[in-house]
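Working notes for the structure below.
Just so you know, these numbers come straight off a predicted model, no measurement behind them.
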Amino acid sequence: MRPLPLLPVLVALLPSASASCRVVKRGLSGDLLLLGTVLTRDGALPKATVFIQSGSISHVGDICGLGTRGGDASVLDCAGSVISPGFINTHDHIEFATVAPFPDIGERVHHRHDWRVGARNYTMREAVVNGSAVDATAWGELRHLFSGTTSIVGGQMVPGLARNLDFADGLGDGLHGPAATYDTFPLKDRLGAMRHGDCDYGPGTIDRDTAAGYHRYIGHIGEGVDLHAANEFTCLSNDTFDTIPALGGGGLSTDIINSNIALVHALGLTPRDFDLVAARGAKIVWSPRSNMSLYGKTLNVSSLLEAGITVALGTDWLPSGSATMAREAVCAASAAKELYDVELSSKVLWEMATLNGAVVAGFDDFLGSIEIGKLADIVVFGAWSRNGEGAVDPFGQAVFAPPENIELVLRGGKLLLASSDIKDLASGACEVVASGVLEKTVCVADELGSSFKALEASLQGVYPALLPGMPPDEPTCKSGHHLLPISRREYR
């Protein structure tokens with residue numbers, strides 16, 4: 001029997017004013033049609049449709065453009081919701097996802113080694129992974145998936161949950177090509193080396209030819225607010241800065257800055273440094289909450305955007321950063337206003353959390369926007385209003401959304417999370433879990449090799465994966481300049 005035409009069904013559901021998604025039709029083909037406000041780089045499209053076939057997007061826009069396709073698709077009416085590409089988190093250290101946030105001890109530092117190894121008489125802040133790194137990584141990926149993030153650059157991976165854009169084996173169904181290269185210590189300074197005036201960090205540092213050979217190189221550079229942090233960028237952007245080899249090896253400056261390079265943090269860079277970043281087409285990964293909680297400041301990102309630099313958001317890690325991308329966006333807006341009196345629009349922040357992340361990781365041909373031919377990594381955010389605002393801001397409805405307002409998470413068209421109203425769409429090994437006062441259906445047991453509840457029980461009360469709007473013990477996003485114990489001038 002030929003499937004019935006879909007258009008009459010769609011016309012019938014158009015007047016719906018439901019506050020949440022509802023299943024209009026359960027088809028048998030595995031295809032899915034979403035109706036709602038679709039977020040695109042060109043703006044929000046109200047009463048639009050997204051048609052998903054075989055894990056990819058085959059139609060976006062007006063209903064009539066579907067023609068006779070989709071007669072046996074499942075139909076999901078989300079008239080009061082927004083349909084967004086999944087978030088792309090381009091900076092995490094996912095193996096620390098079970099570690100509680102650092103308590104605020106009233107200390108802001110000047111360089112990452114001040115807190116990492118206790119340099120210059122600062123307090124060393126140690127983060128010890130609870131249980132196995134594999135379980136912690138799975139837990140962190142689940143937290144991100146349940147809050148709308150479908151792709152991660154995180155330094156570790158488990159297969160089948162979020163896409164791991166820095167692992168070829170973790171790219172997931174439908175995504176091909178070389179993975180991004182993620183480097184926490186481009187200068188091999190893990191033990192705490194800080195230099196000023198030379199590049200004697202030791203042997204094995206990243207060099208121009210090696211960096212040029214990577215699809216994308218995402219490196220932690222200039223994490224700090226003193227001259228030692230600034231020196232890191234100089235050593236990696238000026239091949240005439242230090243031409244004298246160190247006795248133990250290494251010691252030479254290089255110039256890796258190019259369009260395949262993304263700098264994580266980049267707090268130590270000067271305006272002239274950012275001019276070079278812009279001229280070369282390099283990118284920036286911005287993690288404002290970690291910046292604010294550890295160093296008391298963050299980038300004036302509006303000036304970077306004005307210079308044409310692509311900026312993506314990243315949560316960093318749980319001890320000093322944000323538990324979710326939405327909380328990172330909240331901090332980004334707050335920090336820009338507090339430090340620079342800049343109002344970052346919700347659309348700009350949404351772009352940092354979606355398409356810009358795909359550009360940074362080198363997968364913008366496949367991810368980061370709802371376009372025909374791209375993979376169906378899609379999140380539906382239910383109706384809500386930030387701070388009780390009357391007017392609905394569709395981009396804010398997505399990028400600032402608390403996890404309980406998420407109605408649907410798809411990765412490559414596969415349902416991983418659904419609200420209780422649309423649980424009938426779920427299939428396979430699924431279970432019902434509590435998300436705040438609401439219930440969600442999660443379908444991750446096939447990927448985990450166990451149920452979510454079994455993993456949760458084995459981790460014995462670690463930092464939760466299903467979070468309220470305000471995560472517990474969240475690190476501060478206030479500047480805390482009054483807490484700086486030593487003048488920056490001593491180190492500049």
Under the criterion side chain to side chain contact (heavy atoms under 4.5 Å, CB included), I'd like the reasoning laid out for Leu294 against Trp115: C-alpha separation, chi angles, the key distance, then a yes or no. CA-CA 8 Å; Leu294 294 172; Trp115 64 264; 3.6 Å; yes

Any idea how His265 and His91 line up, ring-wise: parallel (<30°), tilted (30 to 60°), or perpendicular (>60°)? perpendicular

The test is side chain to side chain contact (heavy atoms under 4.5 Å, CB included); show your working for Leu349 and Phe400 and say whether it passes. CA-CA 9 Å; Leu349 292 166; Phe400 299 129; 3.7 Å; yes

Residue pair Phe452 / Leu455, side-chain heavy-atom distance below 4.5 Å: no

Check whether any side-chain N or O of Trp139 sits under 3.5 Å from a backbone N or O of Tyr463 as a donor-acceptor pair, and report yes or no. yes

Give the minimum heavy-atom separation between Gly268 and Asp273, together with the two atoms involved. O-OD2, 4.5 Å

Flag the pair Leu171 / His176 as yes when at least one side-chain heavy-atom distance between them is below 4.5 Å, and no otherwise. no

Is there a donor-acceptor pair under 3.5 Å between the side chain of Asn356 and the backbone N or O of Thr310? no

Minimum heavy-atom distance between Ala138 and Leu161, given as atom pair plus value: O-CD1, 3.9 Å

Residues Ala282 and Ile257: closest non-hydrogen pair is CB-CG2, 3.9 Å

Evaluate side chain to side chain contact (heavy atoms under 4.5 Å, CB included) for Thr149 paired with Thr324, printing each intermediate quantity in order. CA-CA 8 Å; Thr149 296; Thr324 69; over 6 Å; no

Does the distance from a Lys or Arg side-chain N to an Asp or Glu carboxylate O, for Asp114 and Arg108, drop under 4.0 Å? no

Could you walk me through whether Ser346 and Asp393 pass the side chain to side chain donor-acceptor pair (under 3.5 Å) check? CA-CA 8 Å; Ser346 59; Asp393 167 14; 2.6 Å; yes

Tell me, do Val285 and Leu263 make a side-chain contact under 4.5 Å, heavy atoms counted? no

Would you compute the distance between atom NZ of Lys440 and atom CZ of Phe146 and round it to the nearest 0.5 angstrom? 11.0 Å

Does some side-chain heavy atom of Thr298 sit less than 4.5 Å from a side-chain heavy atom of Ser479? no

Least distance between heavy atoms, Pro85 atom then Trp350 atom: CD-CZ2, 3.6 Å

Is it the case that Arg125 places NZ or CZ above or below the six-membered ring of Phe102, under 6.0 angstrom from the centre and within 45 degrees of the axis? yes

Heavy atoms from other residues, nucleotides or ligands near CD of Glu371 exceed 12 (cutoff 6.0 Å): yes

Without swapping roles, check the side chain of Glu439 against the backbone of Val433 for a donor-acceptor pair under 3.5 Å. no

Could you tell me the separation between the OG1 atom of Thr90 and the OH atom of Tyr182, rounded to the nearest 0.5 Å? 8.5 Å

For Lys347, look at atom NZ and say whether over 12 heavy atoms of other residues, nucleotides or ligands are found less than 6.0 Å away. yes

Name the residue from Leu410, Val442, Thr441 that meets the side-chain contact (heavy atoms from CB on, under 4.5 Å) definition with Leu415. Leu410

Tell me whether Lys283 contacts the main-chain N or O of Gly281 through its side chain, where contact means a donor paired with an acceptor under 3.5 Å. yes

How long is the gap from CZ on Arg163 to CG on Leu145, to the nearest 0.5 Å? 10.5 Å

Looking at His113, Glu107, His110, which hits side chain to side chain donor-acceptor pair (under 3.5 Å) with Tyr122? His110

Specify whether His93 and Trp317 have parallel, tilted or perpendicular ring planes, treating 30° as the upper limit for parallel and 60° as the lower limit for perpendicular. perpendicular

If we ignore hydrogens and angles and just use 3.5 Å, is the side chain of Ser237 paired with the main-chain N or O of Phe233 as donor and acceptor? yes

Going through the checks in order, is the side chain to side chain donor-acceptor pair (under 3.5 Å) test met by Tyr217 and Asn260? CA-CA 6 Å; Tyr217 181 76; Asn260 70 322; over 6 Å; no

Under the side chain to side chain contact (heavy atoms under 4.5 Å, CB included) criterion, do Asn291 and Trp286 qualify, and how do the steps go? CA-CA 9 Å; Asn291 296 166; Trp286 187 32; 4.0 Å; yes

Between Lys478 and Asp104, is there a side-chain N and carboxylate O pair less than 4.0 Å apart? no

Donor-acceptor pair, Ser287 side chain versus Gly314 backbone, under 3.5 Å? yes

Checking Asp421 against Ser20: is there a side-chain donor and acceptor pair closer than 3.5 Å? yes

Hey, does the side chain of Arg116 reach the backbone of Met124 with a donor-acceptor pair shorter than 3.5 angstrom? no

Asp173, CG: over 12 other non-hydrogen atoms inside 6.0 angstrom: no

Examine distances only and state if a side-chain atom of Ser322 and a backbone atom of Met325 form a donor-acceptor pair shorter than 3.5 Å. no

Would you check if the side chain of Arg195 reaches a backbone N or O of Asn231 as a donor-acceptor pair within less than 3.5 Å? no

Do Asn300 and Ser302 have a side chain donor and acceptor closer than 3.5 Å? yes

Where the side chain of Glu404 meets the backbone of Leu438, is there a donor-acceptor pair that is under 3.5 Å apart? no

Are any of the side-chain heavy atoms of Glu223 and His220 separated by less than 4.5 Å? yes

Report the distance from atom CG of Asn258 to atom OH of Tyr214, rounding to the nearest 0.5 Å. 15.0 Å

Give, for atom SG of Cys21 and atom CZ of Phe381, the distance between the pair rounded to the nearest 0.5 Å. 11.5 Å

How long is the span from the CD1 atom in Ile83 to the CG atom in Leu45, to the nearest 0.5 Å? 10.0 Å

Less than 4.5 Å apart, any side-chain heavy atom of Ile406 and any of Val409? yes

So which heavy atom on Gln156 is nearest to which on Glu141, and how close? O-OE2, 4.4 Å

Hey, are the side chains of Arg41 and Leu355 touching, using non-hydrogen atoms and a 4.5 Å cut-off? yes

Please give me the minimum heavy-atom distance between Ala383 and Asn405, naming the atom from each residue. O-ND2, 3.6 Å

Taking atom types as modelled and ignoring hydrogens, do the side chains of Ser369 and Lys374 form a donor-acceptor contact shorter than 3.5 angstrom? yes

Quick test of your reading of the model: are Lys414 and Glu447 salt-bridged, counting only N-O distances below 4.0 Å? yes

Would you tell me whether Ser320 and Ser290 have side-chain atoms, one donor and one acceptor, within less than 3.5 Å of each other? yes

Output yes when Asp377 and Arg411 qualify as a salt bridge under the 4.0 Å nitrogen-oxygen rule, no when they do not. no

Measure the shortest side-chain to side-chain distance between Lys188 and Tyr201 over non-hydrogen atoms and say whether it is less than 4.5 angstrom. no

